[in-house]
Every structure is written in C-alpha cells, then in structure tokens.
S.K.: 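Supplied in structure tokens, the structure appears directly below.
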Amino acid sequence: MITLKKICSVPRWFPALKAAAITKSEEAKEKGMKEVEEGLLQLEEAFVSISKGKPFFGGEAIGFMDICLRSFVGILKAREKLKGEKLLDETKVPSLCKWADRFLSDDTVKNMVPEIDKVAEFLGELEVRAQSAVSRTFFFF
C-alpha cells in the first residue's frame, strides 16, 4: 500500500542526482544515477497507486502532489536535455512519463514554470561551478 509517508520519501534520490552531476568519479556517478532510477521506480509505483488510472496524482485535475513534484520533473527534463541521457524512460516508468508530459503541457503550468531549455542552461552553469569548487577543495585528515 502506498502511503503519504512513502510518497514524501520518494524525492530522497534528488541529492544523488546532484552528487552525480558534480562528481568526476564514474563509479560515484553510476551509483548516484542508480539511486535516481530506483527513486523514479518508486514514484511510478506511487503514481499508479494514487492516481487509480486518472491523469494526475490528484485525479482528473492537477492537485497538491502534482505541484509539489513539478520542480523535480523540470530538473529531470532539463538534465535529460543537458546530458542527453534518458531519466524519464517510457520503458521503465511509463505512467510517470505520461503524467510528466500531461503536467508540463497544461496551459496553467506552462505559463508558470521556466522553459526546460533555460533550466538546462542554468543547470549546466551550476554544474561547472560546483565541479570547480569541488576540485579546489582539499580535505585534511
């Protein structure tokens, strides 16, 4: 059974996505992206359970949970564009992909959120800065 507590814990993969973006270690990047994939699978399960076949988490109309997850969807779509990788994969999370497309194409949402291209550009700049900061950091034991 999917509970609100489980839904609220789903975005715990977000720090893994941030870490994968700034690490230079392929092993760490792979581990982080695996955590992202697992989180998206949980979110897929949650969407199917909660929506009960309706277009949004809240049913027929966009609701609170849809709005809460908007920032994650925007960042995932922007990362896909920036890195050329497929995070919202239709073969792995088909219901979540359909939800994201419906949500992002809603007229109200389109007028309220930044364009994916602009978010991707911003993420690229953040990634460069973060990688630069990490490479200048020294750890002393």
S.K.: Does anything in residues 58-80 form a side chain to side chain donor-acceptor pair (under 3.5 Å)? List the pairs, not counting sequence neighbours.
M.R.: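 Applying side chain to side chain donor-acceptor pair (under 3.5 Å) to every pair that reaches into residues 58-80, excluding sequence neighbours, yields Asp66-Trp99, Lys77-Asp101, Arg79-Glu85.
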S.K.: Under the rule for side chain to side chain contact (heavy atoms under 4.5 Å, CB included), what residues qualify as partners of Glu35, not counting sequence neighbours?
M.R.: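 With sequence neighbours excluded, Glu35 shows a side chain to side chain contact (heavy atoms under 4.5 Å, CB included) to Ala16, Lys31, given in chain and number order.
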S.K.: Going by the rule salt bridge (charged side-chain N to carboxylate O under 4.0 Å, His left out), which residues pair with Lys18 if we only count those two or more places apart in sequence or in a different chain?
M.R.: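 Not a single residue meets the salt bridge (charged side-chain N to carboxylate O under 4.0 Å, His left out) criterion with Lys18.
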S.K.: Nearest heavy-atom pair of Ser49 and Lys52: which atoms, and what distance?
M.R.: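 Residues Ser49 and Lys52, closest heavy atoms: O-CG, 3.5 Å.
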S.K.: Should the heavy atoms of other residues, nucleotides or ligands under 6.0 Å from CD of Glu27 be counted, would the total exceed 12?
M.R.: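 Check fails, neighbour count at 12 or below.
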S.K.: Return the set of residues passing side chain to side chain contact (heavy atoms under 4.5 Å, CB included) with Val48 (not counting sequence neighbours), or none when no residue passes.
M.R.: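 Checked Val48 against side chain to side chain contact (heavy atoms under 4.5 Å, CB included); matches are Glu44, Ser95.
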S.K.: Pairs under 3.5 angstrom only: tabulate donor-acceptor contacts from the side chains of residues 108-124 to other protein residues two or more places apart or in another chain.
M.R.:
| residue | atom | partner | partner atom | Å |
| --- | --- | --- | --- | --- |
| Asn111 | ND2 | Asp107 | O | 3.0 |
| Asp117 | OD1 | Lys81 | NZ | 3.2 |

S.K.: Using every non-hydrogen atom in the two residues, find where Ile50 and Phe57 come nearest and quote the distance to one decimal.
M.R.: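 So the two residues come closest at CG2-O, 3.3 Å.
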S.K.: Does Glu38 have any salt bridge (charged side-chain N to carboxylate O under 4.0 Å, His left out) partners at least two apart in sequence or in another chain, and if so, which?
M.R.: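 Salt bridge (charged side-chain N to carboxylate O under 4.0 Å, His left out) check on Glu38 returns nothing, list empty.
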S.K.: Tell me every residue that passes side chain to side chain contact (heavy atoms under 4.5 Å, CB included) with Thr23, counting only those two or more places apart in sequence or in another chain.
M.R.: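 For Thr23, the residues satisfying side chain to side chain contact (heavy atoms under 4.5 Å, CB included) (neighbours in sequence not counted) are Ser25, Ala28, Lys29.
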S.K.: Return the NZ to CG distance between Lys92 and Leu40, rounded to the nearest 0.5 Å.
M.R.: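 Between atom NZ of Lys92 and atom CG of Leu40 there are 10.0 Å.
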S.K.: Report the residues that fulfil side-chain hydrogen bond (donor to acceptor under 3.5 Å, both in side chains) with Lys34, sequence neighbours left out, ordered by chain and then residue number.
M.R.: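 Not a single residue meets the side-chain hydrogen bond (donor to acceptor under 3.5 Å, both in side chains) criterion with Lys34.
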S.K.: Out of curiosity, Ile75 CD1 to Leu17 CG, how far, rounded to the nearest 0.5 Å?
M.R.: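 With rounding to 0.5 Å, CD1 (Ile75) is 7.5 Å from CG (Leu17).
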S.K.: For the atom pair CZ (Phe47) and CG (Leu69), what is the distance rounded to the nearest 0.5 Å?
M.R.: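 One finds 10.5 Å between CZ of Phe47 and CG of Leu69.
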S.K.: How about Met33 and Leu87: do any of their side-chain heavy atoms sit closer than 4.5 Å?
M.R.: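 A side-chain contact exists here, since the closest heavy-atom pair is under 4.5 Å.
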